[in-house]
Engineer: 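One structure, as structure tokens, below. Some questions next.
On a predicted model such as this, the values are computed, not experimentally measured, just so you know. Reminder, nothing fancy here: chain letters follow the sequence lines and each chain counts from 1.
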Amino acid sequence: MIQSFSHKLISWYKSNKRDLPWRNTDDPYKIWISEIILQQTRVKFAIDYYNKFIEKFPTIESLSEAKEDDVLNSWQGLGYYSRARNIHHTSKILKEKYSSVFPNKYDEIISLKGIGRYTTGAILSFAFKKKIPVVDGNVFRLFSRLFFIDKFIDTASGQNYFYNVAEDLICEKNPDLFNQAIIEYGAMVCKPKNPTCTTCVFNHQCEAYKKNKVFELPLKKNSVRTTDRFLIFILGTKKNIFLKKKKDGIWKGLYTPPIHEAKSKKELNKIKENEELYILNNNVKVLKTSAVIHHKLTHQNLSIKFCYSDLDLDNQNEFVKVKLKNFDHFPVPRVIEKFLKNLYDEQKK
DNA sequence: AACTCGTGGTT
DNA sequence: TAACCAAGAGT
């Protein structure tokens, strides 16, 4: 049964797999970068970022010598920017401690910042062909349905259970192919919303399918709670923008204009032309405001208003004065990128 | 253990 | 259309 499972799976994989750029290499550096980019990110969206990132930073050394802002610039728009800060940090460790040779021991790899259990397994099996299981969101879903595992996929004990299942199933001869294949099967057949159960090669042995409970799995314990926030981005006059690198919270490491936070929708709506705001020990006069922009994050619903003002931060060294045409030299959040790009296009007309 | 960290596609 | 959630990891 176990043999037939992996054989069936790998043979399905060979004739149905997608041709993805990171599947054409054994370079642990490239495998690593691809896995980080793919965390919580759709494959289709990741491809372009991966190709450009590898082109710009082809080796551990080139990445370790880069400036963090340049790495973040390559990451702009991908989200979860700690991933970019962590690979940059880790590339320096790899250069200094490992002489730019990627380690191939489990304990060494998992101790690197930004690399957890899943990514360690992915690097060890895809690059070094070792028999280490990988359990990502696709595998949780596939296994939970196939074996009707009603354990939470977002608790440590639940995840351990799934890893044990993977340990039992992973095949001796081609652990790397097996791992690629279970992920691909979850992504292409055993999908969250529209799984193609009728043509699934495992449907006769799928416990959830037999019970007609495919859509009840996998189980999660924690649901996401969102909070509403109301932000005002303070711009100067139209010619110049002041940006500062964020030190914490959302968008840490990216650049934003000074941020004033309102406590309610009412307070945000109240801010318009000729209002005064107290920001950074300055009384600031609002000259003009944008419409409210709604920007949704995983845990936060942001309502954002851009305000032109008479704020002048020329002598504040934490801030960099940027001309509108040059803002793309700095990594900024998507919502700011879009606004400034629009503004620049308008001014060119 | 529960919470945080982005963005955009899909239903 | 609001909700879900994608090749997770850090704290």
Engineer: Using the side-chain heavy atoms of A/H295, tell me which of these nucleotides is nearest: B/dC5, B/dC3, B/dT7.
Structural biologist: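 The nucleotide sitting nearest to the side chain is B/dT7.
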Engineer: Say we look at C/dC4 and B/dC3: how far apart would their P atoms be, to the nearest angstrom?
Structural biologist: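 So the two P atoms sit 16 Å from each other.
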Engineer: Between A/T155 and A/K252, which has a closest nucleotide on DNA chain B that is more 5'?
Structural biologist: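 Result of the comparison: A/T155.
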Engineer: Could you tell me the separation between the CZ atom of A/R141 and the P atom of C/dC5, rounded to a whole number of Å?
Structural biologist: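 That distance rounds to 9 Å.
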Engineer: Round to a whole Å and report the spacing from CD1 of A/I36 to P of B/dG6.
Structural biologist: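 The distance from CD1 of A/I36 to P of B/dG6 comes to 15 Å, rounded to the nearest Å.
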Engineer: The side chain of A/K221 is closest to which nucleotide in this list: C/dA7, C/dT11, B/dA2?
Structural biologist: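 Nucleotide nearest to A/K221's side chain: B/dA2.
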Engineer: I'd like to know if A/E207 pairs up with A/K210 as an ion pair, taking the criterion as any Lys NZ or Arg NE/NH1/NH2 lying under 4.0 Å from an Asp or Glu carboxylate oxygen.
Structural biologist: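 A salt bridge links A/E207 with A/K210.
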Engineer: When you measure from every atom of DNA chain C, which of residues 131-139 of chain A have a heavy atom less than 4.0 Å away?
Structural biologist: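 Result for residues 131-139 of chain A: A/D136, A/G137, A/N138, sorted by number.
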Engineer: Calculate the interatomic distance between A/Q300 atom CD and B/dG6 atom P; express it in whole Å.
Structural biologist: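 Those two atoms, CD and P, are 9 Å apart.
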Engineer: Would you say the side chain of A/T119 and the base of C/dG8 hold a donor-acceptor pair, judged only by whether the two atoms sit under 3.5 Å apart?
Structural biologist: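 Under the 3.5 Å cut-off, the side chain and the base do not form any donor-acceptor pair.
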Engineer: DNA chain C: A/K193 or A/G114, which has the more 5' nearest nucleotide?
Structural biologist: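 The answer here is A/K193.
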Engineer: Is the phosphate of B/dT4, meaning OP1 or OP2, less than 4.0 Å from a side-chain N or O of A/W251?
Structural biologist: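 False: A/W251 side-chain N/O out of range (4.0 Å or more) of B/dT4 OP1/OP2.
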Engineer: In whole Å, what separates the P atom of B/dC5 from that of C/dA2?
Structural biologist: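 After rounding to an integer number of Å, I get 23 Å for this pair.
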Engineer: Parallel, tilted or perpendicular: which one describes the rings of A/W251 and A/H295, with boundaries at 30° and 60°?
Structural biologist: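 Geometry flag for A/H295 against A/W251: tilted rings.
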Engineer: Using atom CG of A/N86 as one end and atom P of C/dG8 as the other, report the distance to the nearest whole Å.
Structural biologist: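 That distance rounds to 16 Å.
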Engineer: Taking atom P in both B/dG6 and C/dT1, compute the distance separating them and give it to the nearest angstrom.
Structural biologist: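 Looking at atom P only, B/dG6 and C/dT1 are 27 Å apart.
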Engineer: For A/F152 and C/dG8, give me the distance from atom CZ to atom C1', rounded to whole Å.
Structural biologist: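 Value for this atom pair: 19 Å.
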Engineer: Using a strict 4.0 Å threshold on nitrogen-to-oxygen distance, state whether A/K341 and A/E337 make a salt bridge.
Structural biologist: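 The answer is yes: the pair qualifies as a salt bridge.
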Engineer: Between A/Y118 and A/Q39, do the side chains contain an N or O donor and an N or O acceptor separated by less than 3.5 Å?
Structural biologist: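 Side chains of A/Y118 and A/Q39: no pair found under 3.5 Å.
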Engineer: B/dC5 C1' sits how many Å from A/R83 CZ, rounded?
Structural biologist: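 It is 10 Å, rounded to the nearest whole Å.
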Engineer: Donor-acceptor pair, A/Q76 side chain versus A/V332 backbone, under 3.5 Å?
Structural biologist: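 Checked: pair present.
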Engineer: Report which part of the nucleic acid A/L20 touches: base, sugar-phosphate, or nothing (heavy-atom distance under 4.0 Å, all strands).
Structural biologist: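 Base: the residue A/L20, judged by heavy atoms under 4.0 Å, touches a nucleobase.
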Engineer: Considering only B/dT11, C/dG8, B/dA1, which nucleotide approaches the side chain of A/Y80 most closely?
Structural biologist: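 Minimum distance to the A/Y80 side chain belongs to C/dG8.
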Engineer: With a non-hydrogen cut-off below 4.0 angstrom, is A/N194 in contact with a base, only sugar-phosphate, or nothing?
Structural biologist: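 Counting heavy atoms under 4.0 Å across all strands, the contact made by A/N194 is with sugar-phosphate only.
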Engineer: Give a yes or no on whether a salt bridge exists between A/K129 and A/D176, defined as a side-chain N under 4.0 angstrom from a carboxylate O.
Structural biologist: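 Counted as a salt bridge, because a side-chain N and a carboxylate O are separated by less than 4.0 Å.
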Engineer: Of A/Q39 and A/S157, whose closest DNA chain B nucleotide lies nearer the 5' terminus?
Structural biologist: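 Looking at DNA chain B, the more 5' nearest nucleotide goes with A/S157.
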Engineer: Check every atom of C/dT11, B/dT7, C/dA7 against the side chain of A/E35 and return the nucleotide holding the closest atom.
Structural biologist: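 It is C/dA7.
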Engineer: A/P192 side chain: which of C/dT11, B/dC5, C/dA6 is closest?
Structural biologist: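 Closest of the options to the side chain of A/P192: C/dA6.
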Engineer: Please state whether the phosphate of B/dG8, meaning OP1 or OP2, lies under 4.0 angstrom from any side-chain nitrogen or oxygen of A/K338.
Structural biologist: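 The answer is yes; a side-chain N or O of A/K338 sits under 4.0 Å from OP1 or OP2.
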Engineer: Mapping A/R117 and A/L297 onto DNA chain C by nearest heavy atom, which one lands closer to the 5' end?
Structural biologist: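 Its nearest nucleotide being more 5', the pick is A/L297.
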Engineer: A/I250 near the nucleic acid: base, sugar-phosphate alone, or nothing, with a heavy-atom cut-off under 4.0 Å?
Structural biologist: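 Result for A/I250 = sugar-phosphate.
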Engineer: What's A/W22 touching, base or sugar-phosphate or nothing? Going by heavy atoms closer than 4.0 Å.
Structural biologist: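 Contact class for A/W22: base.
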Engineer: Parallel, tilted or perpendicular: which fits the ring planes of A/F233 and A/F306, with parallel below 30° and perpendicular above 60°?
Structural biologist: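 The arrangement is tilted - the two ring planes meet at 30° to 60°.
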Engineer: Could A/E261 and A/R229 be called an ion pair, given the rule that one side-chain N must be under 4.0 Å from one carboxylate O?
Structural biologist: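 Yes, charged N to carboxylate O under 4.0 Å.
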Engineer: Counting heavy atoms from C-beta on, name the nucleotide in C/dA6, C/dG8, B/dA1 closest to the side chain of A/T298.
Structural biologist: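 Closest nucleotide to the A/T298 side chain: C/dA6.
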Engineer: Which parts of residues 40-59 of chain A get close to DNA chain B, meaning a heavy atom less than 4.0 angstrom away?
Structural biologist: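 Per residue number, the list reads A/Q40, A/T41, A/R42, A/F45.
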Engineer: Round to a whole Å and report the spacing from CZ of A/R334 to C1' of B/dG8.
Structural biologist: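 Computing the A/R334:CZ to B/dG8:C1' distance gives 9 Å.
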Engineer: Looking at the rings of A/Y98 and A/F102, which for Trp means the six-membered one, are their centres under 6.0 Å apart?
Structural biologist: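 A/Y98 vs A/F102: aromatic centres not under 6.0 Å.
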Engineer: Could you see if A/I250 belongs to whatever hydrophobic cluster contains A/L268? Use Ile, Leu, Val, Met, Phe, Trp, Tyr and a side-chain cutoff under 4.5 Å.
Structural biologist: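 No, no single cluster joins them.
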Engineer: Taking the ring of A/F202 and the ring of A/F5, is the distance between their centroids below 6.0 Å?
Structural biologist: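 For A/F5 and A/F202, the ring centres are under 6.0 Å apart.
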Engineer: Under a 4.5 Å cut-off applied to non-hydrogen side-chain atoms, are A/L78 and A/R83 in contact?
Structural biologist: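 Side chain of A/L78 against side chain of A/R83, heavy atoms only: contact under 4.5 Å found.
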Engineer: When we call it a touch if two heavy atoms are under 4.0 Å apart, what does A/G186 touch: a base, just sugar-phosphate, or nothing?
Structural biologist: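 Result for A/G186 = nothing.
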Engineer: What is the distance from CD1 of A/I87 to P of C/dG8, rounded to the nearest Å?
Structural biologist: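 Rounded to whole Å, this separation is 16 Å.
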Engineer: Using the P atoms only, state how far B/dT11 lies from C/dA7, rounded to an integer number of Å.
Structural biologist: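 Rounded to whole Å, the distance is 14 Å.
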Engineer: To the side chain of A/R225, which of C/dA7, B/dG8, B/dC3 is closest?
Structural biologist: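 Nearest to the side chain of A/R225 among the choices is B/dC3.
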